[in-house]
Amino acid sequence: MARPRKALLDLERITQAALDLVDETGDFTVPAMARRLGVQTASIYHHVDGRSGIVELLRVRLGTRIEAVPVEGQSWEPALRAFAYSYRAAFAAHPHLVPLLTGAPVQAPEVLATYERIVVLLESAGFPLEVIMTALTAFENFVLGAALDLAAPEVMWAVPDGVRAPRLAAALAAQPTATGRADRAFDFGVTVLVEGFRALLAQARQPAGPDGTQAAVDS
């Protein structure tokens with residue numbers, strides 16, 4: 001039998017099949033991928049290291065849609081802001097990936113390279129190395145939640161007749177517009193987090209006192 005001119009399987013097709021299943025059903029299985037690709041399940045295992053390998057392929061695919069950090073010559077604040085907005089957009093396009101990718105350690109070299117650049121940027125700006133990953137984790141937790149929030153209803157609080165919540169109702173009515181709730185909240189949250197990073201950096205730059213501790217940053 002003549003061999004096909006084009007291979008039935010490659011990493012690109014495997015990744016796309018997994019992504020399509022996740023978008024449609026919220027998860028993937030290797031047998032379901034094999035049926036979609038028209039191959040035997042064992043054939044997929046010839047290309048990837050099991051389910052964890054496919055998860056890493058999905059992580060790399062999503063990572064290509066997140067703005068590289070940092071752009072040459074860019075300082076930490078605009079770099080973090082750009083990272084936040086592109087990160088949210090990438091996950092908002094595939095929200096079912098959030099539990100899949102957060103349920104396994106990051107191992108893909110391409111993705112680790114991005115985090116390496118972020119750590120180098122923050123450390124060179126003066127952030128203490130021992131707090132960088134904690135700060136980045138908090139930042140990512142917010143961004144992932146914000147990505148899921150984009151799929152939530154525009155109206156998240158609806159005070160029904162007979163329920164007394166006058167100040168909540170007033171606060172809801174006082175919103176600048178009837179739409180854009182998720183975007184306004186994201187803009188606000190990114191600003192608050194960046195301000196927190198700035199305060200952390202200012203504290204790190206404070207000279208140590210006589211007892212070896214750093215002085216508190218003026219509020």
Using a 4.5 Å cut-off on heavy atoms from C-beta on, say whether the side chain of [Y] contacts that of [X].
| X | Y | result |
| --- | --- | --- |
| Tyr115 | Ile132 | no |
| Leu62 | Leu58 | no |
| Thr134 | Thr137 | no |

Is Arg51 positioned over the aromatic face of Phe28, cation under 6.0 angstrom from the ring centre and no more than 45 degrees off axis?
yes
Applying side-chain contact (heavy atoms from CB on, under 4.5 Å), run through Thr15 and Val60 and close with a yes or a no.
CA-CA 9 Å; Thr15 304; Val60 171; over 6 Å; no
Heavy-atom count check: over 12 atoms from other residues, nucleotides or ligands less than 6.0 Å from Gln40 CD?
no
Which of parallel (below 30°), tilted (30 to 60°) and perpendicular (above 60°) describes Phe197 and Trp76?
parallel
For the pair Asp27 and His96, evaluate side-chain contact (heavy atoms from CB on, under 4.5 Å) and give the outcome as yes or no after the intermediate values.
CA-CA 7 Å; Asp27 202 350; His96 292 307; over 6 Å; no
Between Arg184 and Gln175, do the side chains contain an N or O donor and an N or O acceptor separated by less than 3.5 Å?
yes
Looking just at side-chain N and O atoms, do Thr41 and Arg35 make a donor-acceptor pair shorter than 3.5 Å?
no
Look at Arg88 together with Asp183 and state whether they make a salt bridge at an N to O cut-off of under 4.0 Å.
yes
Go through it in stages, so that I can follow the logic: the residues are Phe83 and Glu140, the test is side-chain contact (heavy atoms from CB on, under 4.5 Å), and I'd like the CA-CA distance, side-chain angles, deciding distance and then a yes or no.
CA-CA 10 Å; Phe83 183 59; Glu140 284 201 341; 4.1 Å; yes
Going through the checks in order, is the side-chain contact (heavy atoms from CB on, under 4.5 Å) test met by His94 and Arg65?
CA-CA 11 Å; His94 306 283; Arg65 301 176 184 179; 2.8 Å; yes
Before you tell me yes or no, could you show the steps for Arg61 and Glu12 under salt bridge (charged side-chain N to carboxylate O under 4.0 Å, His left out), namely the whole-Å CA-CA distance, both residues' side-chain angles and the distance that decides it to 0.1 Å?
CA-CA 9 Å; Arg61 169 68 71 85; Glu12 179 66 24; 2.7 Å; yes
